[in-house]
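The chains referred to below are lettered A, B, ... by the order of the sequence lines, with proteins before strands, and numbering in each begins at 1. Just the heavy atoms: all of them, side chains too, but no hydrogens, waters or symmetry mates, feed the values below.
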Amino acid sequence: MTALQIDTLDVWFGDGYDRVDAVKGASFAVAEGESFGLVGESGSGKSTILRAITGLAPAWSGSIIVEGMALTGRKRNRAFYKTVQMVFQDPYASLHPRHTVDQVLSETLTLHGLTDIDTRVMKLLDDVGLGGKFRFRYPHQLSGGQRQRVAIARALAGEPDILLLDEPTSALDVSVQAEILNLLTDLRDEHGLTYLMVSHDLAVIGHMCDRLAVMKEGEIVEVMTADTLRQNNAQHPYSRELLNASIVA
Amino acid sequence: MTLLDVENLWVKFPTRQGVFDAVRGVSFTLGKERLGIVGESGSGKSMTGRAILRLIRKPGIVEADRIALEGRNLLDLSEREMRAVRGQQISMIMQDPKFSLNPVMRVGDQLMEAYLLHNNTSKAQARAKSIDMLNAVSIRDAERVMRAYPHEVSGGMGQRIMIAMMLIPDPKILIADEPTSALDVSVQRQVLDIMDGLVKERGMGLIFISHDLNLVSEFCDRVLIMYAGRIVEVCDAGKLHEAQHPYTRGLLNSLPRLDQPRKYLDVLARDESWADAPSVGGQA
């Protein structure tokens, strides 16, 4: 079954003379339980696709179908947020500095209309490998990796099926990146999640994803499997260029 | 020839819980080479770079037996003399051009200011020199960039402008603190190539601070690996993948690799003893 289907998606900012086409005619489908990667340099529109799905982009056309529901405009209903959640790039900016971990998670749980919040908060913290002693800490008392774990716990609060990951490890050290990627691998197995992951790091995408799309200037230039990527069989000249720039000598 | 000789460098921050040592007894020398310093965040690599220029703010304390620039101990200089060293002799490129350029000043004026401050010349000459430098860092339409404000240029171009600005006074040593981590992979290459060319051409010494092991192994001649304020290992950049220290090995193994797919990445298992072991000397 298809978890996420995107057809001829256009996203633009501004209008008239100032109009910038950030995404041009992007189409791809992500199967349930699959991990799909989007790679490209900054400004190629990869994050914009995620923002369009969650309703954070101002204007878009085309079709986005999430588990059979067709999305329209910028409004998203409750069922959508129960299905799709997003983890942002910068754990330093995506947590409220004056809310404790407990406040962050219980507020999210309340908004999802869940009960039994106390045990759920503990469960979430255990799931992301933090444990109870982090419950009443403020973001500034946590390291970057721990903050990203809280952000992941927050995304998991509504028990979604699909996680949108916007460069979840690019602000972290390589050693911490390994921990977070392992955590994401575990969570995917435990909760049967579908990932749509954005990164500029081909090695990270190759490690996490089954298939990936290479983006350039708002267009998807190539969709391939991770195996194709590993065997260095990318077809499009731009994918090859990107691959050459990131391969270890 | 040794350009810079650092002996037993400590950087300390007094806190309510006692003195925190960010850098603990680091020694190394720098010749006309590209020296990489790698480590995780908090390992003291940036502090080492800043301490050389005495840019650690109060209440931070810099202590060292010697920080000698061509035989002259920088620790003995007055703040006034130090200002003549900064920029003229040793320049520093910071991580993010967005925060390092003045947002309300045109790029050209900032470049010229740097030059006019240190040289007694005419504006026209400063302008010519600035345009030369922009060309040197492969900015094609230098005239337009001179008139632009920092928000009107891309990240890669901003970083190249920073490099141009640092190179105008023709320093002997360039300290680059994560110069490319705010940039894309493809732009990263361009910026590194430009720096590489300039370092070779002018015979400068380069200290390249980064958390990216692959980048450093490719780009530098020699690498110092820092952990908890100390140097745990020194090796030739080309042989970084044969590094011995468990910390270096752990960092290398935690990187995802396209040619070796696996379900889980190795997680770095930290050992208390790494932090306690004495610092390895980084003399050439």
Is it the case that A:H191 and A:E159 place a side-chain donor and acceptor less than 3.5 Å from each other?
-> no

Looking only at B:L268, B:V267, B:D259, the option with the highest number of non-hydrogen pairs under 4.5 Å against chain A is B:V267

Sort out for me which of A:V174, A:L181, A:D201, A:L202 touches chain B most, counting heavy-atom pairs under 4.5 Å.
-> A:V174

Would you call A:E241-B:R189 a salt bridge at under 4.0 Å N-O?
-> no

Counting heavy atoms not belonging to B:D141, are there more than 12 under 6.0 Å from its CG?
-> yes

Residues B:G158 and B:L101: closest non-hydrogen pair is O-CD1, 4.2 Å

Can you say whether B:L251 sits under 4.5 Å from chain A via the side chain, the backbone, both, or neither, judging by heavy atoms?
-> both

In terms of heavy-atom proximity below 4.5 Å to chain A, should B:D266 be classed as side chain, backbone, both, or neither?
-> backbone

Max heavy-atom pair count under 4.5 Å with chain B, selected residue of A:M208, A:H207, A:H200, A:Q231 | A:H207

Identify which of B:P261, B:G42, B:G39 forms the greatest number of heavy-atom pairs closer than 4.5 Å to chain A.
-> B:P261

Hey, does the side chain of B:R106 reach the backbone of B:R147 with a donor-acceptor pair shorter than 3.5 angstrom?
-> yes

